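Since the structure comes first, as structure tokens, the remarks are kept for the end.
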Amino acid sequence: MLDKTISIHWFRRDLRIEDNPSLDYLNSLEEPIMCIYVLDEINNDDKIGQASKYFLNESLKSLNSILNNCLHLFKGCAFEILESLLKDFKIKNISWNRCYEPCSIKRDKKIKSFLENEGINVKSFNGSLLWEPWTVLKKDDTPYKVFSPYYKRGCLESAAPRYPIKSKKFNLLNISNDFEINKLKLLPKNNWYRKFEKIWKIDHYSLKNQVADFFEKKIQNYKLGRNFPAKHNVSRLSPYIHFGLVSPNMLWYECENLIQNENVQHFKSELGWREFSHYLLYHFPQITKKNLQVKFDKFPWRNKNDHLVKWQKGLTGYPIVDAGMRELWQTGYMHNRVRMIVGSFLVKNLLIHWKEGEKWFWDCLLDADLANNNVGWQWVAGTGADAAPYFRIFNPISQGEKFDTDGEYTKKYIPELKNLPSKYLFCPWAAPEEVLKSNSIKLGLDYPYPIVDIKQSRELALKCFSAIKS
């Protein structure tokens, strides 16, 4: 045991040193800080999808580097690991930045109670949200269920988000540390994750360049440009925000430093949607397992596994849907407009339960987040708060024609259709035989026929919805 008294900062979804309230607080106490990360998959909220594990693995390596190899890794039950550290070190203070998922809240309360009974000074901070869920309520002290009043009246008319804490030199505990990232066993043995290495730069230095590039260039056409998957007007910051390599506060005040226009305001509202997702999860924790709108409990979902597999593999016969699903598999990411299209197709044209889509996205997305993933799927399915009406069914043909007019995005992920004229790109089955033949395309062989008829499937979905309404 070390003779000197130390403090512990427990890293969770705050894998950064800049704008880290917990770390900043401990540094003010002028005692050496031991930085730890615990992979606690015993806690259900921390069970990570396969793609996200790769992002976490690289993020931890980068964090350890900026901490001068002072990050200590543990795997197992967080309660038991913290309990054992009390036996090995003279610990006076332990702090962390809060997580807001139901199981995390339950676990953290148990840990805090135990530590305080042991005479430890325990603090927790908000390092992940602009507005914590319990601070934004309607006048009758009930939670909002619609985004616009939540954001405009609840958030924007309340106290401004905390200003980011500037980076400083930290008093880190400098003891022998073998940073054995492999002991966390985040990466699968089949090297499935190798496909991400050329696409994503996951380190704090590259992230700063990416943030600067977005606010200097891409945000200038954000509101309109973000709807077109071939254009580069989105930030692609969601996985960095999820794991806390950058805080929403840092991004919010980057916006505040710009001339306020519709593009800047729209990006801020997207940060607001992330807040709303965590807000709903906090106030309605049952949404991880159930429809928020209970009328959908009687919806006649279909269990057609062959359709689900074809959707997952990007073989539905609808090019914009298949392009999105292949982008997801190849890159660990999917453009937001296309997420809505593929989600609508699954739940409304295939009538497959949104939970199946949620599970697939959870495993394939680098930015898989319990709140965002669940609320996003319930929004598309029409089963959640402020959800898209069930009768709003995205037509994959017109969506492709409108948002990928020249087919740049679609042809990138479906090269077998790269020579097809744009007129037929989003409905290849409508192309005359001589057009298909001249471009060496054999439908049913090179590219599948549609697995459902888009008009008939839409009519069936509306009939099912009418049934549960009555």
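Predicted, not measured: the structure shown is a model, and the values here were computed from it. As a basis for the values below, the full set of heavy atoms in this structure was taken, side chains included, without hydrogen atoms, waters or symmetry mates.
- Judged by distance alone, the side chains of T288 and N374 never bring a donor and an acceptor atom under 3.5 Å apart.
- A salt bridge (charged side-chain N to carboxylate O under 4.0 Å, His left out) check over residues 350-375, counting only residues at least two apart or in different chains, returns the pairs R339-D367, K355-E358, E356-K359.
- Test W354, W311, Y318, F394 against F345 for ring-ring contact (aromatic ring centres under 6.0 Å, His included) and you get one pass: Y318.
- Note: Y240 and W200 have tilted aromatic rings, judged against thresholds of 30 and 60 degrees for the angle between ring planes.
- Applying the side-chain hydrogen bond (donor to acceptor under 3.5 Å, both in side chains) rule to H283 yields no partners; only residues at least two apart in sequence or on another chain are considered.
- For the pair K110 and F79, the distance from NZ or CZ to the six-membered ring centre is under 6.0 Å and the angle to the ring normal is within 45 degrees.
- Aromatic ring orientation, W131 versus W252: perpendicular (interplanar angle above 60°, classes split at 30° and 60°).
- Shown here for L137 and Y279, the closest heavy-atom pair between the two residues is CD2-OH, 4.0 Å.
- Ring planes of F276 and W273: perpendicular class, angle over 60° (limits at 30 and 60°).
- A cation-pi arrangement is found for R337 relative to F403, the charged atom lying closer than 6.0 Å to the ring centre and inside a 45° cone about the ring normal.
- The pair R12-D40 does not count as a salt bridge, with every side-chain nitrogen at least 4.0 angstrom from each carboxylate oxygen.
- Residues Q293 and T383 have side chains that never bring a donor and an acceptor to within less than 3.5 angstrom of each other.
- The aromatic rings of Y54 and Y193 lie parallel to each other, with less than 30° between the two planes, well short of the 60° mark.
- Between Y222 and F214, the ring planes are perpendicular. Angles over 60° get that label, and only those under 30° would be called parallel.
- The closest side-chain donor-acceptor pair between Y409 and E327 falls under 3.5 angstrom.
- Of the N and O atoms on the side chains of D14 and H9, at least one donor lies less than 3.5 Å from an acceptor on the other residue.
- A donor and an acceptor atom, one from each side chain of N20 and N97, are located under 3.5 Å apart.
- Taking the six-membered ring where the residue is Trp, W10 and W96 present perpendicular rings, their angle passing 60° and hence far from 30°.
- The pair K75-E41 fails the salt-bridge criterion, with no side-chain N (NZ, NE, NH1 or NH2) lying under 4.0 Å from an Asp/Glu carboxylate O.
- Aromatic ring pairs are classed by plane angle as parallel below 30°, tilted from 30° to 60° and perpendicular above 60°; the pair Y151 and F147 is parallel.
- In this structure, E132 pairs ionically with R98, as a charged nitrogen and a carboxylate oxygen lie closer than 4.0 Å.
- Below 30°, between 30° and 60°, or above 60°: for W134 and Y100 the angle between ring planes is between 30° and 60°, a tilted geometry.
- Side-chain atoms of E31 and N171 include no donor-acceptor pair closer than 3.5 Å.
- Put simply, the side chain of S28 gets close to the backbone of Y25: a donor and an acceptor are under 3.5 Å apart.
- Donor-acceptor pairing under 3.5 Å is recorded for the side chains of S206 and D203.
- Between F196 and W192, the angle of the ring planes goes over 60°, which puts this pair in the perpendicular group of the 30/60° scheme.
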